[in-house]
Structures are given as structure tokens and as C-alpha cells.
2 protein chains.
Amino acid sequence: MTPEPVLPQPPHNRQSASVELRATALEQFASVGFAGTSLQQIADAAGYSKSSVLYHFASKEALLDEVLTPAVDRLEAILERFLATEESALSRSRFVNDFIDFILEFRLELHTFINQSQSLRGIPVIDRAGVLIVRLSDTLCHGDASTEDRIRFGIALGGAAYTLVAGMTFLGEEIAPEEEIRPALLSVITELLAPVTVRTTPSRK
Amino acid sequence: MTPEPVLPQPPHNRQSASVELRATALEQFASVGFAGTSLQQIADAAGYSKSSVLYHFASKEALLDEVLTPAVDRLEAILERFLATEESALSRSRFVNDFIDFILEFRLELHTFINQSQSLRGIPVIDRAGVLIVRLSDTLCHGDASTEDRIRFGIALGGAAYTLVAGMTFLGEEIAPEEEIRPALLSVITELLAPVTVRTTPSRK
DNA sequence: ACAGACTCTGACCGATCGGTCAGCTAGCCT
DNA sequence: AGGCTAGCTGACCGATCGGTCAGAGTCTGT
């Protein structure tokens with residue numbers, strides 16, 4: 001018989017509510033946008049109530065902040081590391097590698113603050129990401145800010161964010177495995193970024 | 001004397017309310033997103049009442065439709081023209097030129113349906129744009145859909161949409177004039193798209 | 001057994017959402 | 001003058017928004 005009252009188990013058998021909520025919120029923010037996502041949707045998708053979301057996060061904005069901060073921190077670290085070494089073809093290539101690691105690991109976060117930074121201006125984590133991107137652009141193009149170099153950087157950044165989130169879903173029907181994406185991405189991004197200042201790589205397969 | 005009663009002029013001296021509303025709505029949709037834009041905001045920004053917006057357009061969705069349709073029509077025409085000629089380096093280069101004309105003329109529309117097609121799925125004009133993009137991708141990469149070629153196309157598309165709308169505002173402080181942007185854009189897009197199938201252009205400045 | 005902290009939730013709040021409707025105003029035709 | 005239409009608006013509707021709050025259930029240490 002064993003009454004088995006009502007499945008006792010801790011509130012949820014899932015590991016941690018706030019981790020789940022962060023992940024669910026990130027998916028929604030990246031695909032539907034921050035403004036287009038309601039706390040109710042996040043709660044429903046994660047299997048909680050709206051009140052629970054607001055128990056774990058002070059507000060919708062605070063949730064966004066916690067969701068994006070790890071990615072922004074990581075991007076900042078990559079930039080600082082690049083700035084700490086003197087510029088060379090080698091350091092630049094290492095930077096591109098770091099950058100691609102970053103893109104692949106934080107695709108949803110990148111897509112979120114890349115494509116919504118204008119509408120979310122004023123939110124601290126978004127502004128942080130914004131100045132980071134400007135610094136990145138200034139660093140890669142240093143002094144001589146030729147229009148083409150800026151456009152190269154912008155296309156690499158926005159293109160990668162788009163391709164790995166929106167593009168994947170209907171350009172490649174099934175999501176290609178990462179081990180296939182990485183080299184392709186590396187090749188294209190290197191081509192876009194490498195010649196920006198150090199035009200010493202005319203070799204092209 | 002000519003009394004000139006009270007400036008007779010039609011309700012507004014502006015040329016046409018619906019034209020103004022379309023333009024205002026487009027700016028908002030592109031920068032804040034469709035979900036993030038309220039009819040009230042559009043009305044306020046254009047100097048009308050919310051009721052007026054709904055007088056000229058049956059619904060918010062209908063407004064989006066009218067705003068995006070010209071761009072989608074144009075993109076469709078470009079694709080059809082490209083499909084009508086047999087493939088060659090020349091036809092491909094002409095296509096890239098058409099495509100860049102399109103991007104520059106319809107930057108806001110492109111940015112809107114590129115970066116929101118997932119969240120707005122189901123709206124006819126968005127779905128139309130979606131299948132167009134898939135056809136574009138299939139055409140440019142024809143049969144041999146190597147991952148890298150798909151990524152090249154995705155980066156060119158998403159990157160251009162991002163750079164010309166979001167990127168311009170904080171990457172280049174002041175918006176560079178079109179006559180400076182066009183050649184840079186042509187160079188980068190050609191580099192991304194040209195070698196996709198016709199690898200007969202090893203020349204690179 | 002008891003107290004306290006931690007999670008979670010439903011009920012509820014004012015504000016705003018997209019959308020409807022009746023009515024106002026001006027110009028135009030007869 | 002009178003009727004018609006086009007353009008525009010405020011008042012209003014139910015639904016949903018982000019957010020508050022007072023509990024209820026469960027686990028801990030004592």
C-alpha cells in the first residue's frame with residue numbers, strides 16, 4: 001500500500017531552481033527578446049510560478065543581469081588578456097581563438113546583448129557589454145579607424161551572433177555538431193579579423 | 001490681405017499620416033523590437049493618437065506587414081533575377097551588388113526580420129522573409145552545403161544587418177556617409193560570398 | 001517538540017497592453 | 001443648406017504586464 005503521500009521529494013527534485021530559471025530565461029531572452037518575454041512565460045517554461053521567479057530574482061531586470069553577467073565577465077577577461085600582450089600576428093590569432101571559444105560557449109548571451117543593446121540601454125549589464133564591444137572594436141582597429149576595418153569587425157561580431165542562434169535554426173536544418181562548426185567559424189572569423197591591421201597573411205586555401 | 005483663415009491644410013500638414021506612421025513604426029520595430037514597441041509609443045512618436053494608428057492599420061500585425069512587405073518584395077525580385085541567369089562569376093557579382101543596394105536601402109527592415117524572425121514566426125510577412133532567406137542560402141551554396149559556406153552566408157547576412165543598424169550607433173560614433181560605407185561593404189561581402197562556390201577570384205588587394 | 005529559515009505559491013495591485021466604438025471635425029458634392 | 005465621407009480622437013474593454021504580500025509546506029538545529 002505505502003500511502004506514498006504525494007511524492008515527498010524536496011520542493012523540486014531538480015538541482016537548483018535559480019539555475020534552471022536562469023537557463024530558461026536565457027533561452028527566452030535570446031529567442032523572443034527581453035521585452036517580448038514575460039515572467040509568466042519563464043515560470044511556465046521552467047515549471048514554477050511567477051512568484052517563484054520573483055522570489056529568486058529581485059526583478060525582471062535583475063534576472064537579465066544575472067543571466068548575462070558571466071558572459072560579459074568572460075569577454076572582459078579575453079579583452080584584458082589581449083591588451084596585456086604586445087600586438088603581433090600570434091597574439092591576434094590567440095585572441096581570435098579565445099573569441100571563438102567565447103562565442104561558442106555563450107552564443108545565447110552574445111546574441112541577447114548584441115541584438116538588444118539599443119533597446120535595453122540603461123540596464124547596467126547591457127551598458128557594460130556595450131562599452132566592452134566599443135573597446136574591442138577600438139583595440140582591433142586601433143588608431144586608424146578605417147571604415148572598412150570597423151565594418152569587418154561589426155560583421156564578424158553581429159554575423160557570428162546571428163548565425164549561431166537565429167541562423168542555425170533555419171539555415172542549417174539540423175544543428176551541425178560543434179566540432180564541425182568550430183573550424184569553419186575559425187576560418188571565416190580569422191579572414192575577417194586577421195587582416196584588419198596585420199595584413200601579413202595573404203595565404204588563403 | 002488674403003485672410004488665410006487658420007492655415008486650412010488637411011488635418012495634418014504632413015503629407016500622409018499612414019506614410020509617417022509606417023516610417024515611425026519601422027524605426028521602433030528595428031530598434032526596440034516588435035514585442036517591445038507599443039502602439040502608444042508609435043502614436044506618440046509620430047504625433048497621433050493610438051486610435052489613429054488603428055484607424056490606418058487594422059492591427060499591430062497588419063502594421064508590421066505593411067512596413068516590411070516592400071523590403072521582402074524587393075529581396076524576392078533580386079533572388080528571382082539571380083535565378084533567371086545561369087551562374088557565373090559575373091552574375092554572382094551582379095547579385096552581390098544588388099544585394100548591397102538592398103541592404104543599404106532597407107537596413108531597418110532587414111534588421112527587423114533578420115533578428116526577430118524566430119519570435120514572430122506565424123506572421124505571414126515574416127514567414128515569407130524566412131523562406132526567402134532559406135532559398136537565398138540554398139541558391140548561393142547550391143547542392144554542396146558545406147558548413148563553412150553556410151556560415152559564410154549567415155555571417156554576411158546577419159553581420160550586415162547588425163552592423164548597419166545596431167553597430168553603426170556605437171561602433172562608428174558618427175554615422176559614416178553612404179558613399180564611404182558602400183565600397184567597404186562591397187569589399188567585405190564579396191570576400192564572404194564570392195568564394196562560396198566560384199573560387200575563381202584569388203585576387204585580393 | 002519546537003522555532004526558525006528556506007522555497008514556493010495564489011491572491012491581489014496599479015499600469016499598460018492591443019483593440020473597439022461612438023462621436024467630433026473638416027472638406028466636398030449636390 | 002444639408003448629407004456624406006475621410007481623418008482623427010477620447011472613453012472604454014478584457015487581458016496581461018511586473019511586482020507585492022501573506023501565508024503554507026518542508027527541512028534544519030536544538
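Per chain, numbering begins at 1; letters A, B, ... match sequence-line order. Because the structure is a prediction, the values reported are computed rather than measured.
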**Prompt:** Charged N to carboxylate O below 4.0 Å: is that the case for R74(A) and E109(A)?
**Reply:** no
**Prompt:** Is it the case that S91(A) and E86(A) place a side-chain donor and acceptor less than 3.5 Å from each other?
**Reply:** no
**Request:** Ignoring backbone atoms, test whether S52(A) places a side-chain nitrogen or oxygen under 4.0 Å from the OP1 or OP2 oxygen of dT7(C).
**Result:** no
**Item:** Separation of atom CD in Q40(A) from atom P in dC12(C), rounded to whole Å
**Value:** 16 Å
**Asked** Can you tell me if the side-chain N/O atoms of H56(A) get under 4.0 Å from OP1 or OP2 in dC8(C)?
**Response** yes
**Request:** Return the value, rounded to whole Å, for the distance between atom OH of Y55(B) and atom C1' of dA26(C).
**Result:** 13 Å
**Request:** Flag the pair E76(B) and R81(B) as a salt bridge only when some basic side-chain nitrogen lies within less than 4.0 angstrom of an acidic carboxylate oxygen.
**Result:** no
**Message:** Check this for me: does any side-chain nitrogen of one of R150(B) and D138(B) sit under 4.0 Å from a carboxylate oxygen of the other?
**Reply:** yes
**Prompt:** Checking R92(A) side chain against L193(A) main chain: does a donor-acceptor pair fall under 3.5 Å?
**Reply:** yes
**Item:** Rounded interatomic separation in angstrom, taking CD1 from I42(A) and P from dC8(C)
**Value:** 16 Å
**Message:** Any side-chain to backbone donor/acceptor pair from S137(B) onto I133(B)? Under 3.5 Å, distance only.
**Reply:** no
Result block: side-chain N/O donor-acceptor pairs under 3.5 angstrom for residues 35-43 of chain A, not counting sequence neighbours:
{"residue": "T37(A)", "atom": "OG1", "partner": "Q28(A)", "partner atom": "O", "Å": "3.3"}
{"residue": "T37(A)", "atom": "OG1", "partner": "G33(A)", "partner atom": "O", "Å": "2.6"}
{"residue": "S38(A)", "atom": "OG", "partner": "Q41(A)", "partner atom": "N", "Å": "3.1"}

**Asked** When the distance from OH of Y48(B) to P of dA6(D) is rounded to whole Å, what number comes out?
**Response** 17 Å
Would you tabulate the nitrogen or oxygen pairs shorter than 3.5 Å linking the protein to nucleotides 19-21 of chain C?
{"residue": "dG19(C)", "atom": "OP2", "partner": "K60(B)", "partner atom": "N", "Å": "2.7"}
{"residue": "dG19(C)", "atom": "O6", "partner": "K50(B)", "partner atom": "NZ", "Å": "2.8"}

All N/O contacts under 3.5 Å from nucleotides 14-16 of chain D to the protein, with atom names and distances to one decimal?
none

**Shortest non-hydrogen separation from A160(B) to I155(A) and the atoms involved** = N-CG1, 4.1 Å
**Asked** F57(A) CZ to dG18(D) P: how many Å, rounded?
**Response** 15 Å
**Request:** Mind telling me whether F102(B) and F106(B) have parallel, tilted or perpendicular rings, with 30° and 60° as the class edges?
**Result:** tilted
**Asked** Heavy atoms under 4.0 Å, any strand shown: does S18(B) hit a base, just sugar-phosphate, or nothing?
**Response** nothing
